[in-house]
J.: 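Below is the structure I would like to discuss, written out as structure tokens.
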Amino acid sequence: MKKKISIICFILLIVVCLTGCKHDKEETKKHYDNEVDTLTMSSQEVDGVFNPFFSTTAADGNVVGFTQIGMLGNDKDGGYTYGDDEAVVVKDLGIITTGTQGVDQTTTYYFVLKKNVQFSNGSRLSIKDVLFNLYVYLDPVYTGSSTIYSTDIVGLKEYQTQQEDDEAQKRFKDQFDIEANQRINNILAAADDIFDLHKESLDLAQFKNYLAEYDTDGQMAKDLDEGLKLFNEELERDYKNSVDTASSIKFIDKYGNESAQKLVTDVQAFLYNENYITYNKEENKLETSLASSVDDLKNWTQQQAIQAIVNDKVPKDIAEILTYWQTASDLRESLSNAAFEKYNQEHKNDVKFPNISGITFANRTESVTFKNEKNETVTCPAVQYDENGNITNDTYEVLKIVINDVDPKAIWNFAFTVAPMYYYSSQELIDKFDFVSNFGVERGSQTFMNTVVKDPSKIGLPVGAGPYQAASDFYSHNLIRFERNPYYVGGAPLIKKINLQVCPESRMTDSLYSHDLDYVEPNAKTETVNQLKSKAKEGFGSRNVKTAGYGYIGVNASKVPTLEVRQIIMHCIDTQQVVDYYGSSAIAIH
């Protein structure tokens, strides 16, 4: 593992024109008008999942982050922040632990919410939005990257499973995983029979025709289609991870020397990573089964490369895809959630736990009093509203969360960003919101998650109460456009317009020097650092930033199935070589 240092590079913007002064063209420096000129920053390749609940890549998360506001912030020392002077939702905070450790100990969090936080449409962020976000993140079929569910919130397991004791809760969850595994095994068993009976090479259409003989209710065909859709999505992710990596792939010949053989395109890097381009060490050449030579692949498109793999793998390697690829776990999760949703529909009148008992609107009907972190007594009377939902009395909405025992990381799970319910829910569910059993979310419904929260229009256009909002022409041709959110609680940003330009790391500094970009974040390679130093007199600046990133090496279990062999490989890897590659800008973490 390694800790890397990145560098942020920028053009030094100098304002030299004063009213009434005149300069020759050669002497005039460019004046940047924050109301007119756009600040353009670099971005890594994006997946386009610009949704606060479901974005997974760092690049997508950065895009979403421009539009969102968090419950809490953080300072330079890694501590959490809140209060009137911070651009966050929480005004005041109390954390109180009671009871005996290991017996009945609980920790209660009181979050006092500000009244002046507004979304980019001008509507007020309220405790309803906060609760909606929590109930999305804590829904039993939620599949995003948030891990709030890892916190032992009082009543969470009961709400998710509708079961009271631990053993019943575990059995309840297991039944849907068992059903999902069985549905996958049904496809695999049928595939074994089909390939045993039909020795000739089958295409997908032929395979599906034979599969129909085993598929009395059509379920296997639906599950197979879902698996193939997920397989395509996995290959698309793999391709994006291969972008701009070709030049970093090196080959060592049988004499231990670096080979002159090179990969030059993203497609070649992708196919190499998928094992469709291999290096013959004995003959010192690159080989492929997809064309007469590796050079022939230079002009292939992304879709050609992905389709070539699909054509090669499907259907003959369907067992491998549904057993070893990431597709296998994605499909299992999807089928398990579908089974859970079906169960919920059949038992919708048998709900014992309509809410998470440890998450409440503390002063909805009566006042609440607690000690904040400064040991001051805080009292918030019951909240009263006018017909527009504005608070009329001198108080604030208070969110109360109770967890079992003490969990130091829980506070960070509760620092989630608050997305607007009006945008990410449906009007029907918003109208039912009652703080008791309806929170803008259809519990346990994968359909709700996929068609409402993850509606395609919402995936591609984030909305929130952050410093910026999506511009009218938000995303096209790898350019992402923002405009300031005039309602931002932290104050309207000084720069009106910001663009993120998707740019490969290898071209970032050149784009900076050509003035196509104003700000980039390349890796701190020695040659890049030295080059930037030489450009200082031309108005370019940089800073080194130590990041908490790390690299890791994984061994594909389908290729090396024995655990002990994988362990031996890991012990043989000299991680210092990886650190040395970065010179003084990386350290090993043991």
Side-chain angles (χ1 to χ4, degrees), residues 49 51-58 60-61 64-65 68-74 78-82 88-90 93-95 97 106-113 125-162 169 173 333 336-337 340 353-362 397-421 424-425 435 438-446 448-449 452-454 462 464-466:
V49 183
N51 184 296
F53 298 105
F54 290 99
S55 64
T56 55
T57 67
D60 285 8
V64 173
Q68 301 298 308
I69 190 169
M71 288 283 285
L72 304 170
N74 62 276
Y80 55 87
T81 60
Y82 58 90
V88 296
V89 175
V90 174
L93 171 65
I95 305 176
T97 299
T106 60
T107 302
T108 301
Y109 297 79
Y110 293 95
F111 299 94
V112 180
L113 309 183
L125 185 155
S126 76
I127 196 167
K128 284 187 175 183
D129 297 291
V130 176
L131 290 170
F132 165 73
N133 279 254
L134 281 169
Y135 273 85
V136 170
Y137 287 127
L138 297 173
D139 193 85
V141 301
Y142 172 72
T143 58
S145 58
S146 170
T147 57
I148 299 177
Y149 60 81
S150 65
T151 307
D152 190 8
I153 300 172
V154 171
L156 175 58
K157 292 178 182 177
E158 288 83 353
Y159 172 76
Q160 291 183 329
T161 66
Q162 296 298 305
Q169 290 166 359
K173 290 182 177 181
E333 182 177 61
S336 178
N337 286 341
F340 182 77
F353 304 96
N355 55 54
I356 303 167
S357 60
I359 299 177
T360 54
F361 180 179
E397 296 167 324
V398 180
L399 172 71
K400 178 182 175 183
I401 302 180
V402 184
I403 69 170
N404 291 308
D405 300 314
V406 175
D407 183 355
K409 68 175 175 56
I411 189 65
W412 292 111
N413 279 339
F414 301 148
F416 58 92
T417 58
V418 182
M421 179 173 64
Y424 289 101
S425 185
F435 296 101
N438 296 289
F439 299 89
V441 177
E442 187 175 340
R443 188 184 71 85
S445 171
Q446 185 169 241
F448 167 77
M449 291 292 179
V452 180
V453 183
K454 284 200 293 184

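Because the structure is predicted, anything quoted here is derived from the model rather than measured. Along the sequence shown, residues are numbered consecutively beginning with 1.
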J.: Strictly under 6.0 Å, is that where the ring centroids of Y159 and Y135 end up?
T.: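 Centroid distance Y159-Y135: below 6.0 Å, so yes.
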
J.: For side-chain contact (heavy atoms from CB on, under 4.5 Å), just list the numbers for F111 and L93, CA-CA rounded to whole Å, side-chain angles, deciding distance to a tenth of an Å, and then say yes or no.
T.: CA-CA 5 Å; F111 299 94; L93 171 65; 3.6 Å; yes

J.: Could you report the tightest heavy-atom contact between M449 and V141, atom names first, then the distance?
T.: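 Closest heavy-atom pair between M449 and V141: CG-CG2, 4.2 Å.
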
J.: What residues, two or more places apart in sequence or in another chain, satisfy side chain to side chain donor-acceptor pair (under 3.5 Å) together with T97?
T.: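 So T97 forms a side chain to side chain donor-acceptor pair (under 3.5 Å) with T107.
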
J.: Ignoring hydrogens and angles, tell me if any N or O in the side chain of S445 forms a donor-acceptor pair with the backbone of F448 under 3.5 Å.
T.: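 Looks like yes, one N/O pair under 3.5 Å.
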
J.: Tell me, please, which residues at least two apart from Q169 pass side-chain contact (heavy atoms from CB on, under 4.5 Å).
T.: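 Counting only residues at least two positions away or on another chain, Q169 forms a side-chain contact (heavy atoms from CB on, under 4.5 Å) with K157, E158, T161, Q163, D166.
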
J.: Looking at residues at least two apart in the chain, or sitting in another chain, which of them share a side-chain contact (heavy atoms from CB on, under 4.5 Å) with D407?
T.: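 For D407, the residues satisfying side-chain contact (heavy atoms from CB on, under 4.5 Å) (neighbours in sequence not counted) are T151, I403, K409, A410.
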
J.: Shortest non-hydrogen contact from I359 to L138?
T.: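 Here I359 and L138 meet closest at CD1-CD1, 3.6 Å.
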
J.: For F416, which residues count as a side-chain contact (heavy atoms from CB on, under 4.5 Å) partner, sequence neighbours excluded?
T.: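 Expected list: M71, V130, N133, L134, Y137, I148, V418.
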
J.: Taking side-chain contact (heavy atoms from CB on, under 4.5 Å) as the definition, give me every residue that meets it alongside V154, ordered by chain and number, with sequence neighbours left out.
T.: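 Partners of V154 under the side-chain contact (heavy atoms from CB on, under 4.5 Å) test: S357, V402, N404.
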
J.: Yes or no on ring-ring contact (aromatic ring centres under 6.0 Å, His included) for F414 and Y109, after CA distance, side-chain angles and deciding distance?
T.: CA-CA 9 Å; F414 301 148; Y109 297 79; 5.2 Å; yes

J.: Looking at OG1 of T360 and CD1 of I401, how far apart are the two atoms once the value is rounded to the nearest 0.5 Å?
T.: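 These two atoms lie 9.0 Å from each other.
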
J.: Would you please indicate yes or no on a ring centroid separation below 6.0 angstrom for Y424 and F53?
T.: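 For F53 and Y424, the ring centres are under 6.0 Å apart.
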
J.: Quick check: closest heavy atoms across G440 and S425, and the distance to 0.1 Å?
T.: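 Shortest heavy-atom contact: O-OG, 2.6 Å.
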
J.: Rounded to the nearest 0.5 Å, how far does CZ of F439 lie from CG of N355?
T.: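 So the CG of N355 and the CZ of F439 are separated by 5.0 Å.
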
J.: Shortest non-hydrogen contact from V88 to G73?
T.: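 Residues V88 and G73, closest heavy atoms: CG1-N, 3.3 Å.
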
J.: Looking at every non-hydrogen atom in both residues, tell me the closest pair between G444 and D139 and how far apart they are.
T.: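 What the structure gives for the nearest pair is N-OD1, 3.0 Å.
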
J.: Using the test ring-ring contact (aromatic ring centres under 6.0 Å, His included), find all partners of Y110 that sit at least two apart in sequence or belong to another chain.
T.: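 Partners of Y110 by the ring-ring contact (aromatic ring centres under 6.0 Å, His included) criterion, ordered by chain and then number, come out as F370.
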
J.: Measure the CD1-OG1 distance between I95 and T108 for me, rounded to the nearest 0.5 Å.
T.: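 Rounded to the nearest 0.5 Å, the CD1-OG1 separation comes to 10.5 Å.
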
J.: V112 pairs by side-chain contact (heavy atoms from CB on, under 4.5 Å) with which of V398, V89, L399?
T.: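 The single option meeting the side-chain contact (heavy atoms from CB on, under 4.5 Å) with V112 is V398.
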
J.: If every non-hydrogen atom of A362 is compared with every non-hydrogen atom of K400, which pair is closest and at what distance?
T.: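 Closest heavy-atom pair between A362 and K400: CB-CB, 3.8 Å.
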
